[in-house]
Amino acid sequence: MTTEYLRDTPADIERAAEILRGGGLVGIPTETVYGLAANALNGEAVAGIFRAKGRPMDNPLIVHIAEIDDIQRFSLAREIPDAARELAKRFWPGPLTIILRKGDAIPDEVSAGLDTVAIRLPAHPAARRIIREAGTPLAAPSANLSGSPSPTTAAHVMNDLNGKIDAVLDGGACDVGVESTVITLATDIPTVLRPGGVTVEQLRGALGEVAVDSAVLHKLEEGRAAASPGMKYKHYAPKANVVLLKCTDEEFIGYVSERGGRGVAALCCDEDVEALRGVKTVSLGKRGDYEAQAHNLFDSLRRVDGYGDVVTVYARLPHTDGVGMAVYNRLIRAAGFEVIDLENS
Ligand code: TXA
Ligand code: MG
């Protein structure tokens with residue numbers, strides 16, 4: 001199939017909506033990452049998403065809506081608890097996904113057989129217009145091949161899925177750069193299953209007690225079921241081997257400089273580039289600027305592979321405060337949880 005390249009114009013948004021109404025697949029921009037959208041209420045259309053991405057069928061999808069009233073209008077959830085209304089008031093439209101007990105309209109393909117459903121109201125104006133024009137909520141995982149870094153531009157989507165989906169709509173580079181924060185309200189204590197642009201600190205400000213699932217920062221223990229099935233897969237990985245170093249800024253520069261040369265690159269900060277002369281570098285942004293690091297993360301991982309000959313890429317283990325937790329969570333998965341601790345060696 002030929003993938004249509006659409007732009008952020010009223011006519012092209014109408015075209016995207018028409019494809020979606022007809023059961024097709026469209027790569028759509030959101031403020032977090034590009035999504036691969038299908039009509040969420042059409043199980044057959046949703047099954048196409050799994051085929052195009054090569055995604056395991058047991059990994060459920062997020063349902064995207066244009067207004068909070070869509071939850072009731074389309075019977076997406078059994079009820080909307082007060083905590084969900086509070087979160088929606090503070091953080092929607094925006095990079096937060098809320099898990100609720102699922103309503104009757106949700107096909108099994110979307111929820112992967114769970115009795116819950118993930119719902120998000122995105123902030124990107126084109127995403128909301130497409131949902132409205134399509135006249136239906138849209139199921140959309142990130143629009144990458146399963147396992148590779150999530151796409152933050154329409155070009156990334158084309159690299160992975162050209163010829164496998166009906167269209168992509170180019171709405172520019174994504175603002176946040178990492179996927180939404182996922183919080184479940186289906187547990188006694190609201191629990192973060194995936195960190196993102198809305199921070200744990202902000203969620204505690206809204207709800208009081210909020211737990212962080214242990215799989216966010218640690219490898220899932222053998223035999224334990226994943227609260228969020230997506231967390232059990234190796235994820236976000238470039239072709240190069242990502243190695244994380246727990247160390248000071250000086251130790252990082254020393255360690256990487258000693259090994260710099262053929263096949264080696266550093267995923268670093270602006271302040272390191274000068275000191276790492278002779279090593280291939282891709283900078284995530286300024287030290288301590290977690291928003292910039294999140295914004296640049298996936299594009300940077302793809303750029304490492306763009307060098308063509310990188311076998312090993314070294315990065316520093318990020319801090320976990322604020323949006324740093326999202327960067328940590330993605331990088332530690334990209335590294336398959338391998339960390340070299342220079343501080344205690
Ligand atoms: O920012 C985002 O969330 C992007 C954009 C396109 O909106 N979407 C996205 O979708 O990241 P995806 O499919 O790549 O990630 C969805 C995550 C997965 O880890 C999945 O396991 C989890 O949410 N999830 C979905 N439904 C769930 C449920 N009912 N219970 C627990 N986890 C769920
Ligand atoms: Mg994904």
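Counting starts at 1 for both ligands and their atoms, following the listed order.
- Across the listed options Ser228, Ser180, Ala143, Ala118, Ser180 owns the non-hydrogen atom lying nearest to atom 2 (C) of ligand 1.
- Under a 4.0 Å N-O distance rule, the pair Asp108/Lys102 qualifies as a salt bridge.
- By the 6.0 Å and 45° rule, Arg302 does not stack over the aromatic ring of Phe298.
- The atoms of ligand 1 that sit less than 4.0 Å from any heavy atom of Ala140 are 6 (C), 8 (N), 10 (O).
- In this structure, Val323 belongs to a hydrophobic cluster whose other members, linked by side-chain heavy atoms under 4.5 Å apart, are Tyr290.
- Between the choices Pro141, Pro29, Ser150, the shortest heavy-atom distance to atom 12 (P) of ligand 1 belongs to Pro141.
- Selection from Ala112, Gly35, Pro60, Pro56 by nearest heavy atom to atom 27 (C) of ligand 1 gives Pro60.
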Tabulate below the donor-acceptor pairs under 3.5 Å that side-chain atoms of residues 310-322 make, not counting sequence neighbours, or state none.
| from | atom 1 | to | atom 2 | distance (Å) |
| --- | --- | --- | --- | --- |
| Arg316 | NH1 | Asp249 | OD1 | 2.5 |
| Arg316 | NH2 | Asp272 | OD2 | 2.5 |

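- Counting only protein atoms, the N, O or S atoms lying less than 2.8 Å from the Mg ion (ligand 2) are Ser142 OG, ordered by chain and residue number.
- Listed by atom number, the atoms of ligand 1 under 4.0 Å from Asn59 heavy atoms are 18 (C), 20 (C), 21 (O).
- One finds no salt bridge joining Arg120 and Glu179 here, because no Lys/Arg side-chain nitrogen approaches an Asp/Glu carboxylate oxygen to under 4.0 Å.
- In the hydrophobic clustering, Val26 connects to Leu6, Ile13, Ile19, Leu20, Ile28, Ile130, Ile131, Leu138, Leu169, either directly or through intervening members, whenever side-chain heavy atoms lie under 4.5 Å apart.
- For atom 15 (O) of ligand 1, the choice among Arg120, Glu179, Arg194 with the nearest heavy atom turns out to be Arg194.
- A salt bridge links Glu14 to Arg21: one of the charged nitrogens lies within less than 4.0 Å of a carboxylate oxygen.
- The contact set between ligand 1 and Leu114, taken as ligand atoms under 4.0 Å from a residue heavy atom, comprises 28 (C), 29 (N), 30 (N).
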